[in-house]
Amino acid sequence: MAREYTLKRHAAPVARIDYAAELNPQQCAAVTAPPGPALVIAGAGSGKTRTLTYRVAYLLENGVSASNILLLTFTNKAAREMLERVTSLIPNDIAGLWSGTFHSIGNRILRRHAEAAGFRPGFSIMDREDQQDILDAVIAKAGISTKDKRFPKGEVLADIFSYSINTGRPIDQVVAEKYPYFAMLDAQIALLQPQYEERKRAANSLDFDDLLEKTLRLLQSDESVRAFYQRQFQFILVDEYQDTNKIQADFIDALAAAHDNVMVVGDDAQSIYSWRGANFQNILDFPKRYPKAKVYKIETNYRSVPQILQVANAAIEANVNQFKKELQSVRQDTGLKPALVALGDSTQQAQFIAQRILELRDEGADLREIAVLYRAHYHSMELQMELTRHGIPFAITSGLRFFEQAHVKDVAAFMKFVVNPRDEVAFKRMARLLPGIGARSAEQLWNEVDRRLSALPLLALEPAVPATAGAPSPAGTVHFKELLFDLKVPSKALKAWQQLAYTLDEIAPAGKVNPPGAMLESIIEAVYDDYLKEKFPNYDQRREDLNVLGNYARQYESVQDFLDQLALVSSLETSNELNAADDDEMVNLSSVHQAKGLEWKVVFVIWMSEGMFPSSRSLDSSEGVEEERRLFYVAVTRARDELYLTYPILRLNAGYGEAFQRPSRFLGEVPKNLLEEWQVS
DNA sequence: TACGTGGCGCTTTTT
DNA sequence: GCGCCACGTA
């Protein structure tokens, strides 16, 4: 039996926060909960973020060191905002606190222990597109002809593998469920997975799933690493727990195993990421996995007026699988019911929204306090045109992230390659930019580069700048000009190729990597600007994007950190950060998914039509429909004062003329007397 | 093997 | 009304 021995804390600062006064009793109970497992079920708008923020402050005030806290959130922005609020509450230094998304925390851990996980510290992070590229190469290499019989493309394989990893279910099961028409190929598909793994290893590249999975495996297999982080993270806080998947839940469990000091916060009614492997059974079963868990419920809603909340409560009612709860509004009754608006077609729908927004602005509303939400990004197309016509400025958190645009990824490929010369995807992307080099030549060139790289000592492949600040710096000795200059390239590409070799040498002289801002300048000036002019019709726009990227890059000293940001920061966070026009008055257009955690005074939910919302793709299973219903619940609960639910009766079908659309079933589930029907003519 | 043109099919959600 | 893919040509 080990002896229990406690180190005395240095004198804790005098308690400054009056928790009972600043929080409601339910919040306060959760915030001041004793150590040990805790499940906080916090309804929409109930002050979930506030609760977590105060919890962090509470721990710090009670002498817990910041470096012993791990805060896991759904976006990096959410983490940053919480910590800012903590700083405004108490004077403690919180620099040592680890916070961010599961992916970014995984990345941070793996950078430190890359070797133990079977990689080199300078590894690249692949996004979905990179993943598809490499999988297409794996398929080709395996000699599978996609011609004679239908075989899934890289895109589909990525989806299968990813879902399999994130849910911990075998490939054949995933294929049978999600792609039954490929069921007879499942053995062959499963065979490709180890090849994909091998290829990633050779390229020293990790995909998004690896950032979770490899981290978990590392904790499970390496006892010293596990013990280290278990000791470091004495208190674990998890936001949006309902959207964690199996790996994420296991990751938390592994870290918490030694002390069980884990507080998870979430709302099962807002679980909307099952297609990415999220499993809201994690939150429902938390008390089973942690039998000592205390459950705290926070059911007072501060956000929405009662009329909106009633609609929300009614909307979620039809779901069988949930913790029953009834949100109570503390806000004044405005006497204004949410509007149910039927419109002739989608054009009218767009006109209605635009007109109503103009009226709201005349009434003195701030455009930033208005949002239009929809199920899928393409639902917003007509509205965008209509808003433009009326001169109404809007900001979209678009489907395509800023960093996923071709020109951004192109210039990033240069940087990725010099940081990690084994990055097959980055190299090929770079090569294909040159005239006369397509997929085929790029592949051949890579084979030769790969051969030359293998002849170099292992250490030479590390970048000369430390991967993490303070780490010893290995001697980088890759001379890119020597490596590439004399390769055989198509004659059409020769000049550009030599230029490329010089440029790489310039941005990483003798393998010593320049800071990202300077690198970008060289890349653009030496090769990319010409390409951009030639290739894209909207040169000016894209060039401007690259300037923005350059400004952003200059904030970073280390290329590695900069590239990590590109890979791991979500669109929501970048759009604000890059445009920096936060104070511009703009209406927000957003998918419901991206609206998670946000709120506005006025919310329009458009395309409330059967087949659109709920999406027709979700209709074949009851779980699918329940998730759509939760999504609808999320949409409704974004609104503080005014809510409009609109749907067009006619749908203009591409090519096929028009078809009648039934209103969404979700509208029928809300009692008529809770909504006010608007007749629009 | 790279790249331009015509036909076809049809729209989720994202770290 | 648009993007993607396959095919044919330089």
Side-chain angles (χ1 to χ4, degrees), chain A residues 72-79 100-107 125-131 146-147 153 155 158-159 162-163 165-166 206-213 215 240 243-245 247-248 271-278 346 373-382 385 397-401 403-404 431-445 489-493 534-535 564-574 590-596 607 611-619 624 627-628 630-632 634-635 651-657:
Chain A
L72 290 157
T73 53
F74 203 72
T75 65
N76 292 300
K77 186 183 171 205
T101 60
F102 282 90
H103 291 89
S104 67
I105 296 293
N107 180 47
I125 300 173
M126 299 191 293
D127 69 9
R128 199 51 174 246
E129 192 192 3
D130 301 335
Q131 202 179 355
T146 44
K147 288 261 167 63
K153 293 237 158 53
E155 188 180 350
D159 191 48
S162 180
Y163 194 74
I165 283 171
N166 282 306
L206 301 185
D207 62 27
F208 285 138
D209 305 323
D210 290 327
L211 295 179
L212 304 179
E213 196 223 352
T215 313
E240 308 279 14
D243 279 319
T244 54
N245 61 36
I247 301 206
Q248 292 166 326
S271 172
I272 53 177
Y273 280 88
S274 72
W275 44 273
R276 195 167 102 180
S346 56
L373 307 182
Y374 35 81
R375 176 66 180 87
H377 282 293
Y378 76 93
H379 294 170
S380 72
M381 291 317 200
E382 278 166 299
M385 293 192 289
T397 46
S398 76
L400 235 209
R401 298 170 21 176
F403 295 142
E404 281 170 350
R432 270 179 315 189
L433 296 176
L434 308 185
I437 297 183
R440 204 62 176 251
S441 305
E443 177 76 36
Q444 278 164 11
L445 282 166
V489 295
S491 54
K492 209 171 147 189
E534 193 182 306
K535 167 94 189 204
D564 281 355
Q565 284 299 307
L566 293 200
L568 295 175
V569 162
S570 74
S571 52
L572 238 109
E573 345 197 19
T574 50
S590 171
S591 70
V592 183
H593 280 93
Q594 292 194 317
K596 173 167 138 168
W607 275 114
M612 306 298 263
F613 199 171
S615 152
S616 52
R617 299 203 173 191
S618 67
L619 296 180
E627 176 141 327
E628 295 284 308
R630 292 193 293 270
L631 198 56
F632 178 52
V634 169
R651 177 181 177 188
L652 300 169
N653 246 337
Y656 298 89

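As the structure is a computational prediction, the values presented were derived from the model and not from experiment. Order of the sequence lines sets the chain letters (A, B, ...), proteins ahead of strands, with each chain counted from 1.
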Would you say Asp127(A)'s side chain and Ala567(A)'s backbone share a donor-acceptor pair under 3.5 angstrom?
-> no

Interatomic distance, His377(A) NE2 vs dC2(C) C1' [rounded to whole Å] = 18 Å

For Ser615(A) and dT13(B), is the shortest distance between a side-chain N/O and OP1 or OP2 below 4.0 Å?
-> no

For the residue pair Phe613(A) and Phe632(A), does the interplanar ring angle fall in the parallel (under 30°), tilted (30 to 60°) or perpendicular (over 60°) class?
-> perpendicular

Roughly, in whole Å, what's the span from CD in Glu155(A) to P in dC4(C)?
-> 10 Å

Using only side-chain N and O atoms of Gln248(A), determine if any of them is under 4.0 Å from OP1 or OP2 of dT15(B).
-> no

Indicate, with a heavy-atom threshold strictly under 4.0 Å, whether Arg440(A) touches base, sugar-phosphate, or nothing.
-> sugar-phosphate

Nearest-Å distance for atom pair NE2/C1', residues His593(A) and dT13(B) | 4 Å

In whole angstroms, how far is the P atom of dT1(B) from the CG atom of Leu434(A)?
-> 17 Å

Reckon Ile437(A) touches a base, only the sugar-phosphate, or nothing at all at heavy-atom distances under 4.0 Å?
-> sugar-phosphate

Under 4.0 angstrom between Gln594(A) side-chain N/O and dT13(B) OP1 or OP2 | no

Would you mind checking if Arg128(A) and Asp159(A) are paired as a salt bridge, meaning a charged N to carboxylate O distance below 4.0 Å?
-> yes

Given that Gly436(A) and Glu628(A) both sit by DNA chain B, which one's nearest nucleotide is further toward the 5' end?
-> Gly436(A)

With Glu155(A) via side chain to side chain donor-acceptor pair (under 3.5 Å) - residues at least two apart = none

When all nucleic acid strands are considered with a 4.0 Å heavy-atom cut-off, which category describes Tyr273(A): base, sugar-phosphate, or nothing?
-> sugar-phosphate

Quote, to the nearest angstrom, the C1' distance that separates dT12(B) from dC5(C).
-> 22 Å

Determine the contact category for Ser618(A): base if any of its heavy atoms lies under 4.0 Å from a base atom, sugar-phosphate if only primed atoms, P, OP1 or OP2 are that close, otherwise nothing.
-> nothing

Side-chain donor or acceptor of Arg128(A) under 3.5 Å from a matching atom on the base of dT14(B)?
-> no

Donor-acceptor side-chain pairing of Ser615(A) and Ser618(A) below 3.5 angstrom | no

Rounded off to whole Å, could you give me the CG-to-C1' distance for the Asp207(A) and dT14(B) pair?
-> 14 Å

Under-4.0 Å side-chain N/O to phosphate OP1/OP2 contact, Arg617(A) with dT13(B) = no

Atom-to-atom span, CD of Glu534(A) to P of dG4(B) - whole angstrom | 10 Å

Parallel, tilted or perpendicular, as decided by the 30° and 60° cut-offs, for the rings of His593(A) and Trp275(A) = perpendicular

Per Tyr378(A) side chain, nearest of listed nucleotides dA2(B), dT13(B), dT11(B) = dT11(B)

Give a yes/no on whether any side-chain N or O of Ser104(A) is located under 4.0 angstrom from OP1 or OP2 of dT15(B).
-> no

In whole angstroms, how far is the P atom of dT14(B) from the NZ atom of Lys77(A)?
-> 15 Å

Whole-Å gap separating P (dT12(B)) and NE2 (His379(A)) | 9 Å

